[in-house]
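Numbering of residues begins at 1 and proceeds along the displayed sequence.
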Amino acid sequence: MKMKPHLLLQILLFFLATFTTNTLSKQQQPPSPSSSLVSQLNQQLSQKKTRPSNETIYKVSKQLCWGCIAESLEFLFRHNLVRATKWELPLMWDFQLEQYARWWASQRKEDCKLEHSFPENDFKLGENIFWGSGSDWTPSDAVKAWADEEKYYTYATNSCEEGEMCGHYTQIVWKTTRKIGCARVVCDSGDVFMTCNYDPVGNYVGERPY
């Protein structure tokens, strides 16, 4: 039986569309991180053996930040370095959190105001924010500023030194946080605003970070 030309064309178009969709779908899916490398790092951290090298933490961060631009990888790597000092598992980059962080950074571009995206005491996500005068501030600078708050934190009493802040630091090392997304923007004033969001949220009152 001869097939009608228009029916043959429809069948060809159907197969072409199916092939294209499957191909694009596969291309958009990030490859699975190397289980051996990630497992090795997690095992070292959980057993609290020799602290992993910076190179290992960088390689794992790179795999957990597939498709990231260099700036995003810098945010993630620096966070995971800090977490490794407390034997906490590395964070994974989350593009939805990044999208949210970019939205908030865009809101602050005009005024560069050091302001959170959530009302005080009503955080749906963990959030650290940074402001720096001038346009040269990097993700490493922001994470260092937050991590340096460790000197104001006392684990025994689970409290900050009076008059000082340490919540940015404790959010970075919070034991149950697994995902992160950040953004950096140069404001109209020429200064820099950076923000990172964390999920699940940390800094629960009465709980220790690690």
Side-chain angles (χ1 to χ4, degrees), residues 38 41-42 44-46 48 51-65 68 70-98 100-102 104-105 114-118 120-121 123-132 137-161 164-185 192-210:
V38 175
L41 176 60
N42 289 345
Q44 283 181 293
L45 293 173
S46 63
K48 297 187 177 182
R51 181 176 172 271
S53 68
N54 289 5
E55 183 181 1
T56 299
I57 297 172
Y58 179 80
K59 286 180 178 178
V60 169
S61 297
K62 193 172 182 180
Q63 292 186 27
L64 296 176
C65 197
C68 287
E71 194 173 83
S72 301
L73 178 56
E74 185 178 350
F75 271 119
L76 182 63
F77 171 55
R78 293 299 172 182
H79 273 81
N80 285 339
L81 279 179
V82 178
R83 289 177 66 84
T85 64
K86 297 304 174 185
W87 308 101
E88 292 300 331
L89 300 180
L91 299 177
M92 173 182 287
W93 191 261
D94 185 272
F95 289 98
Q96 287 186 314
L97 292 178
E98 178 190 357
Y100 181 85
R102 289 195 180 284
W104 185 241
L114 195 62
E115 183 177 283
H116 281 288
S117 66
F118 297 99
E120 199 66 34
N121 300 320
F123 285 86
K124 307 300 182 187
L125 298 167
E127 187 171 82
N128 283 347
I129 54 177
F130 173 93
W131 169 87
W137 299 92
T138 68
S140 295
D141 294 323
V143 179
K144 183 180 184 304
W146 299 330
D148 281 349
E149 293 179 0
E150 181 182 7
K151 61 179 174 286
Y152 302 125
Y153 175 69
T154 302
Y155 185 82
T157 59
N158 191 30
S159 62
C160 298
E161 185 178 317
E164 301 292 347
M165 295 179 64
C166 62
H168 299 98
Y169 163 69
T170 53
Q171 174 57 87
I172 290 177
V173 296
W174 197 263
K175 55 184 176 292
T176 58
T177 297
R178 291 292 175 264
K179 299 183 292 185
I180 183 179
C182 307
R184 173 185 181 275
V185 66
V192 168
F193 178 87
M194 286 182 265
T195 177
C196 286
N197 289 104
Y198 308 82
D199 184 55
V201 63
N203 287 342
Y204 284 100
V205 176
E207 291 188 25
R208 285 184 169 83
Y210 48 84

- Message: Run the side chain to side chain contact (heavy atoms under 4.5 Å, CB included) test on Cys196 and His79 for me, step by step, so that the C-alpha distance in whole Å, both residues' side-chain angles and the decisive distance to 0.1 Å come before the verdict.
- Response: CA-CA 10 Å; Cys196 286; His79 273 81; 3.8 Å; yes

- Short side-chain to backbone donor-acceptor contact, Asn197 and Glu127, under 3.5 Å: no

- Note on the structure: Taken to the nearest 0.5 Å, the spacing of Ser61 OG from Leu81 CG works out to 7.0 Å

- Item | Residue pair Asn42 / Pro90, side-chain heavy-atom distance below 4.5 Å | yes

- From the list Ile172, Val82, Ile180, side chain to side chain contact (heavy atoms under 4.5 Å, CB included) with Leu91 holds only for Ile180

- Picking from Trp146, Tyr169, Tyr198, what satisfies side-chain hydrogen bond (donor to acceptor under 3.5 Å, both in side chains) with Asn128? Tyr198

- Message: Looking at every heavy atom in both Val60 and Val38, which two are closest together, and how far apart are they?
- Response: CG1-CG2, 4.3 Å

- Item | His168 backbone acceptor or donor facing Glu149 side chain under 3.5 Å | yes

- Message: Using 0.5 Å steps for rounding, measure from the CH2 atom of Trp174 to the CZ atom of Arg83.
- Response: 11.0 Å

- Task: Supply the atom-to-atom distance Ile57 CD1 to Phe77 CZ, rounded to the nearest 0.5 angstrom.
- Result: 6.5 Å

- Item | Closest non-hydrogen atom pair between Trp93 and Cys182, with its separation | CH2-N, 3.1 Å

- Stepwise side chain to side chain contact (heavy atoms under 4.5 Å, CB included) test for Phe123 and Ser117: CA-CA 9 Å; Phe123 285 86; Ser117 66; over 6 Å; no

- Quick one: does Leu125's side chain get under 4.5 Å of Leu97's, heavy atoms only? yes

- Task: Can you measure from OG (Ser140) to CZ (Phe75) and round to the nearest 0.5 angstrom?
- Result: 9.0 Å

- Message: Regarding Glu55 and Lys59, does a basic nitrogen lie under 4.0 Å from an acidic carboxylate oxygen?
- Response: yes

- Euclidean distance, Thr177 OG1 relative to Leu89 CG, rounded to 0.5 Å: 11.0 Å

- Taking every heavy atom of Phe193 against every heavy atom of Leu114, the minimum-distance pair comes out as CE1-CA, 4.3 Å

- For Asn80 and Tyr58, indicate whether the former's side chain and the latter's backbone hold a donor-acceptor pair under 3.5 Å. no

- Is atom NZ of Lys62 surrounded by more than 12 heavy atoms (other residues, nucleotides or ligands) closer than 6.0 Å? no

- Item | Donor-acceptor contact below 3.5 Å, side chain Asp141 vs main chain Thr138 | yes

- Query: Which atoms form the tightest heavy-atom contact between Ala156 and Arg208, and what is the distance?
  - Reply: O-NH2, 2.7 Å

- Message: Closer than 3.5 angstrom, by distance alone: can the side chain of Arg184 be matched with the main-chain N or O of Met194 as a donor-acceptor pair?
- Response: no

- Query: Below 6.0 angstrom between ring centroids: does that apply to Tyr210 and Tyr155?
  - Reply: yes

- Task: Would you name the heavy atoms of Gly202 and Gln171 that are closest together and state the gap between them?
- Result: N-OE1, 3.0 Å

- Query: How about Glu71: does its CD atom have over 12 heavy atoms from other parts shown lying under 6.0 Å from it?
  - Reply: yes

- Side-chain heavy-atom pair Gln44, Trp87 within 4.5 angstrom cut-off: no

- Item | N/O donor-acceptor pair under 3.5 Å between Trp104 side chain and Glu115 backbone | yes

- Is Lys86 paired with Glu150 through a side-chain N to carboxylate O contact shorter than 4.0 Å? yes

- Would you indicate whether Lys151, at its atom NZ, is surrounded by more than 12 heavy atoms from other residues, nucleotides or ligands within a distance under 6.0 Å? yes

- Would you name the heavy atoms of Ala101 and Gly181 that are closest together and state the gap between them? CB-O, 3.8 Å

- Message: Quick one: does any side-chain atom of Arg178 pair with a main-chain N or O of Pro200 as donor and acceptor, under 3.5 Å?
- Response: no

- Message: Centre-to-centre under 6.0 Å for Phe130 and Trp137, is that the case here?
- Response: yes

- Item | Nearest-0.5 Å distance that lies between atom CG in Leu76 and atom NZ in Lys179 | 13.5 Å

